[in-house]
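The structure appears below as structure tokens.
In what follows, chains are A, B, ... by sequence order, proteins preceding strands, each numbered from 1.
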Amino acid sequence: MNKKIVLIDGNSVAYRAFFALPLLNNNKGVHTNAVYGFTMMLLKVLEEEKPTHLLVAFDAGKTTFRHKTYGEYKGGRQKTPPELSEQFPYIRELLKAYGIAQYELENYEADDIIGTLSQQAEEHGFEVKIYSGDKDLTQLASDATTVCITKKGITDIEEYTPAHIDEKYGLTPAQIIDMKGLMGDSSDNIPGVPGVGEKTAIKLLKQFDSVEKLLSSIDEVSGKKLQEKLREHRHLAEMSKELAAILREVPLDFTVDSLEYKERDNEKIYELFKELGFNSLLEKLDHPVEEAAIHEKTSYELVTEWNEELFTDDSSFYLEMIAENYHHAPIAGFALSGGNGTYFIPAEAAVQSAVFKEWAEDETKRKSVYDAKRTVIGLRRYGIELKGIDFDIWLASYLLNPSESPEDFAAVAKLHGVSSVQPDEVVYGKGAKRKLPEQEQYAEHIASKAAVIEKLKAICLKEMEENQQLELFYELELPLALILADMEWEGVQVDVNRLKEMGEELKGRLADIEQTIYALAGTEFNINSPKQLGTILFDKLGLPPIKKTKTGYSTSADVLEKLAPSHEVVEHILNYRQIGKLQSTYIEGLLKVVDPETHKIHTRFNQALTQTGRLSSAEPNLQNIPIRLEEGRKIRQAFVPEDDDSVIFAADYSQIELRVLAHIADDEKLIEAFLHDLDIHTATAADVFHVKQDEVDSNMRRQAKAVNFGIVYGISDYGLSQSLGITRKEAATFIERYLQSYPGVKEYMDTVVREAKEKGFVTTLLQRRRYIPEITSRNFNLRGFGERTAMNTPIQGSAADIIKKAMIAAVEKLEKEKLKSKLLLQVHDELIFEVPKSEIETMKRLVPEVMEQAVKLKVPLKVDYSYGPTWYDAK
DNA sequence: TAGTTCACGC
DNA sequence: GACGTACGTGAACTAA
């Protein structure tokens with residue numbers, strides 16, 4: 001077989017890739033463009049060249065033997081950008097995974113290693129291909145050696161054979177060295193002869209063949225000036241040639257035959273691509289997952305009869321439900337893994353066992369779980385109180401990187417380098433086809449989850465420790481999970497009849513509005529269909545389409561509001577939308593999820609979803625019950641206490657985000673405003689418009705409020721312009737003036753963006769972390785988004801930290817004081833309790849106290865509260 | 001079944 | 001090779 005070796009100049013190709021491609025990021029903020037380009041080239045080489053032998057050479061260290069000849073060699077060269085240097089370890093990892101040899105040697109450059117090996121290889125009868133971004137290497141071309149130099153981009157190359165070099169320059173490969181001796185090379189800081197460029201160098205070499213021959217016959221050179229230059233700088237020419245010549249006698253401790261390209265580690269490659277976010281390349285891999293999907297079985301024992309010997313003091317415990325809503329989902333089974341082995345326990349066998357219950361309820365038996373809240377509720381449904389939970393792998397993974405949003409256990413495990421668990425979808429199917437297979441199949445799946453929790457725990461603990469997030473985990477999120485479990489379990493009482501009444505009324509009104517709309521439009525159509533509505537408004541009635549969407553005309557509220565004066569039907573449509581929303585989402589939607597027996601609603605708070613650390617709420621979402629408009633607000637009349645002897649008690653933080661901002665930005669003026677407990681929007685208006693507090697009119701206050709809103713939610717000038725109905729430029733001016741008024745805030749914004757760029761992430765008061773890869777994007781919009789995220793997340797996230805801390809403190813206080821009041825809901829800056837009338841006075845004192853003291857800031861936290869017979873009345 | 005549009009909260 | 005405008009949940013519609 002013909003032997004063919006490919007020699008790659010690693011540094012040069014990486015450089016080329018880095019500058020040729022936009023600064024890509026993976027989801028952890030590590031730059032990947034050079035790795036990506038390098039990989040693309042490598043894949044192309046492997047496919048097209050099919051080499052039998054392969055080596056990537058790297059430059060080692062800063063100085064080489066050439067520096068002895070010329071101290072200024074490569075002087076003035078810019079430092080390798082850190083965005084590139086951080087990528088080299090990945091390139092090396094990747095080469096390792098591909099089983100490709102890599103080499104570097106102190107004192108020598110990659111060029112010299114390649115030069116030496118190409119010569120050896122030629123002598124051993126190899127065909128040689130050299131890949132680099134540096135044209136210097138073309139001097140190595142020969143009958144057996146082709147030098148491939150990257151042109152534009154990274155995979156576009158130019159092949160230099162002796163014939164090609166002759167055609168291009170009229171020189172032999174060896175003369176390339178002479179050429180550089182004469183003309184120099186600015187990138188390597190090789191001087192050459194001043195005044196001699198490529199043209200002159202080639203002309204001279206065609207005549208004299210080499211630098212030596214030229215220098216010995218300078219008299220024959222045409223042109224007096226040139227002769228002088230050559231005489232004056234002959235030593236420069238000689239030295240430059242020496243510098244430009246690639247050394248072909250590097251002392252190597254191996255031979256070319258040892259560079260055989262053998263086997264690659266597909267699993268490793270897959271993991272690396274995954275980590276780097278090379279999704280397009282992942283797909284092109286020869287399905288290493290499927291190959292690996294002959295998945296390693298976890299060995300486990302099936303337990304039907306409980307005995308104490310199964311339990312160790314520390315174990316991993318996993319409860320499986322295959323439907324999402326754990327308030328109702330059937331339990332598929334349990335798995336337990338610890339010092340004594342791994343066990344699968346069918347659901348019935350466990351929940352009926354006294355031994356199991358005793359273990360579960362024993363606080364001294366520590367349990368590591370996946371989703372503590374779900375596990376607690378699952379067991380509570382069978383009268384078992386799970387105690388002693390000391391780790392939750394799901395929460396831990398969320399704290400380490402909230403942006404990952406893994407969809408199941410397998411994804412969480414994979415994120416942390418454990419790939420022995422199959423995705424739920426593989427075992428249970430998805431959508432309508434989701435079901436429990438034969439026990440044998442899912443038992444092993446469930447067992448495999450319990451079996452790896454311990455391993456994941458160790459990995460995540462280490463990472464959380466590095467991130468200084470252990471306190472956040474153990475003192476905040478984990479205790480909170482148990483509190484949320486209680487809140488969800490407790491549920492909120494709903495006055496079903498009241499809801500139905502409202503539904504009847506709305507139904508009637510909807511029918512009326514519907515008829516009015518049909519009459520005004522002159523035809524019947526589906527008002528709920530944006531498409532049909534668009535046709536009616538813009539085609540039939542000829543109203544001006546103000547905005548377009550991907551699929552057609554926009555009919556959103558802000559568009560309709562602009563159209564309202566033009567045609568009477570529009571206001572009715574807006575009204576129809578509003579009532580329709582109440583009816584479908586809030587009346588019908590809520591009725592669908594009320595427990596028919598107890599008339600209670602049990603939401604699920606997702607504790608590991610938002611990027612900022614806020615909770616979210618689903619099935620139903622109790623964090624978006626209407627309040628702004630009176631009609632919608634009435635929905636809250638249906639949320640009532642469990643018994644007539646109690647009230648709904650709501651306490652909310654006043655301007656918590658802006659107070660947090662005042663604190664972290666350490667802005668004197670903002671702090672002052674809160675210390676005096678000013679109306680913050682009025683104060684902002686006064687500062688921004690340079691007027692006195694009492695000169696602020698309602699319009700100024702409205703605008704200041706919108707700016708504050710923008711600060712809190714990190715909206716863009718575009719967003720602000722939309723909410724104020726002004727131009728983008730005017731909005732930008734507003735923001736500018738705001739920042740001038742609050743120099744501390746301005747400085748904070750600059751600092752946080754700079755830090756985010758350096759570290760790739762931002763943090764909150766309690767060390768919650770959010771990675772922001774977009775922030776180094778070259779795309780203006782994306783980078784803008786990243787910058788706003790960097791400014792906003794510490795504000796919103798810290799506020800989320802604070803209220804979570806307050807929840808824990810409040811619940812502890814209720815227990816300590818042996819109160820019957822219960823925490824029911826959290827709505828971002830608000831806590832809702834159910835309070836026996838006898839405890840109202842106590843709670844009026846206790847709740848604001850606990851919430852205000854949750855953390856100590858440079859400004860006071862302020863809590864307002866109110867209570868009444870329904871949620872509506874707690875206003 | 002997946003994607004789009006719209007609307008509610010903070 | 002550009003990415004889309006604070007983040008969530010959910011309903012209805014539409015196109016596959």
Side-chain angles (χ1 to χ4, degrees), chain A residues 21-22 24-25 33 36 153 280 402 405 430-433 526-534 547-560 573-574 576-590 592-593 603-606 609-629 631-633 635-636 652-653 655-657 709-723 728 731 770 773-774 777-793 795-797 799-800 803 825-830:
Chain A
L21 299 175
L24 310 164
N25 270 318
N33 60 334
Y36 185 74
S280 56
S405 49
K430 69 166 173 175
K433 291 192 211 106
N526 185 346
I527 307 166
N528 281 322
S529 160
K531 196 179 163 194
Q532 292 184 36
L533 180 60
K547 227 173 28 180
K548 281 210 282 192
T549 66
K550 273 182 217 168
T551 50
Y553 305 120
S554 168
T555 65
S556 60
D558 59 313
V559 169
L560 296 188
I573 291 165
L574 281 164
Y576 182 90
R577 283 249 179 95
Q578 193 204 327
I579 311 279
K581 175 76 177 174
L582 293 178
Q583 176 77 315
S584 66
T585 305
Y586 296 105
I587 304 286
E588 289 169 0
L590 284 174
K592 260 187 250 172
V593 292
T603 185
R604 280 172 299 133
F605 288 106
N606 195 334
L609 185 137
T610 70
Q611 302 301 298
T612 54
R614 278 187 170 186
L615 299 174
S616 76
S617 158
E619 265 193 281
N621 180 354
L622 292 182
Q623 292 182 320
N624 72 343
I625 303 300
I627 190 166
R628 239 182 62 245
L629 301 171
E631 285 200 291
R633 190 173 200 156
I635 299 284
R636 295 180 174 227
D652 68 293
Y653 280 111
Q655 302 298 348
I656 187 168
E657 282 96 352
F709 178 86
I711 298 288
V712 166
Y713 289 116
I715 62 172
S716 55
D717 49 5
Y718 173 86
L720 181 62
S721 74
Q722 291 295 301
S723 69
R728 199 180 173 135
R770 179 176 186 178
E774 299 90 347
S777 168
R778 285 178 191 176
N779 178 291
F780 178 79
N781 295 315
L782 213 54
R783 190 175 62 247
F785 169 73
E787 288 170 354
R788 295 200 305 279
T789 306
M791 299 187 262
N792 162 253
T793 299
I795 302 173
Q796 208 186 109
I803 195 164
L825 298 173
Q826 187 250 48
V827 191
H828 307 310
D829 65 352
E830 182 183 17

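With A:Arg636 contributing its side chain and A:Pro626 its backbone, the two residues share a donor-acceptor pair below 3.5 Å. The backbone N or O of A:Ala618 sits less than 3.5 Å from a side-chain atom of A:Thr603, completing a donor-acceptor pair.
Among the atoms of the strands shown, only primed sugar atoms or phosphate atoms (P, OP1, OP2) are found under 4.0 Å from some heavy atom of A:Lys430. Using a 4.0 Å heavy-atom distance criterion, A:Thr612 is classed as making no nucleic acid contact. Using a 4.0 Å heavy-atom distance criterion, A:Ile625 is classed as a sugar-phosphate-only contact. Within the 4.0 angstrom heavy-atom criterion, only backbone atoms of the sugar-phosphate kind lie near A:Asn526; the bases stay farther away. Across all strands, A:Arg614 comes closer than 4.0 Å to base atoms (heavy-atom distances). Nucleic acid contact class of A:Gln532 (heavy atoms, under 4.0 Å, all strands): sugar-phosphate only. Across all strands, A:Thr789 comes closer than 4.0 Å to no nucleic acid atom at all (heavy-atom distances). Here A:Gly719 lies out of heavy-atom contact (under 4.0 Å) with every strand. Among the heavy atoms of the strands, none lies under 4.0 Å from A:Asn792. Nucleic acid contact class of A:Glu774 (heavy atoms, under 4.0 Å, all strands): none. Across all strands, A:Phe785 comes closer than 4.0 Å only to sugar-phosphate atoms, never to a base (heavy-atom distances). Residue A:Asn528 is in sugar-phosphate contact alone, with no base atom involved, counting any heavy-atom pair closer than 4.0 Å across all strands shown. At a threshold of 4.0 angstrom between heavy atoms, the contacts of A:Ser616 are confined to the sugar-phosphate backbone, with no base atom among them. Within 4.0 Å (heavy atoms only), A:Glu657 reaches no atom of the nucleic acid at all.
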Check your understanding: side chain to side chain donor-acceptor pair (under 3.5 Å) between A:Thr549 and A:Ser554: does it pass, once the steps are laid out?
Key -> CA-CA 5 Å; A:Thr549 66; A:Ser554 168; over 6 Å; no
Practice item. Step by step, work out the side chain to side chain donor-acceptor pair (under 3.5 Å) result for A:Gln578 and A:Glu631. Key: CA-CA 9 Å; A:Gln578 193 204 327; A:Glu631 285 200 291; 3.3 Å; yes
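The base of B:dC8 has none of its N or O atoms less than 3.5 Å from a complementary donor or acceptor on the side chain of A:Arg628.
For the pair A:Ser529 and C:dT14, the criterion of a side-chain N or O lying under 4.0 Å from OP1 or OP2 is met. One finds no side-chain N or O of A:Lys531 lying less than 4.0 angstrom from the OP1 or OP2 phosphate oxygen of C:dT14. Residue A:Thr551 places no side-chain N or O under 4.0 Å from the OP1 or OP2 atom of B:dT4.
Nucleotide B:dA7 holds its P atom 14 Å from the CD atom of A:Gln722, rounded to whole Å. Remark: C1' of B:dC8 and NE2 of A:His828 are 11 Å apart, rounded to the nearest angstrom.
For A:Leu609, counting side-chain heavy atoms from C-beta on, the closest listed nucleotide (C:dA12, C:dG8, B:dC10) is C:dG8.
Rounded to the nearest Å, the gap between the P atom of B:dA7 and that of C:dG1 is 38 Å.
A 4.5 Å side-chain heavy-atom check between A:Ser617 and A:Arg604 finds every atom pair outside the cut-off.
The two atoms that bring A:Glu774 and A:Leu782 nearest to each other are CB-O, 3.5 Å, heavy atoms only.
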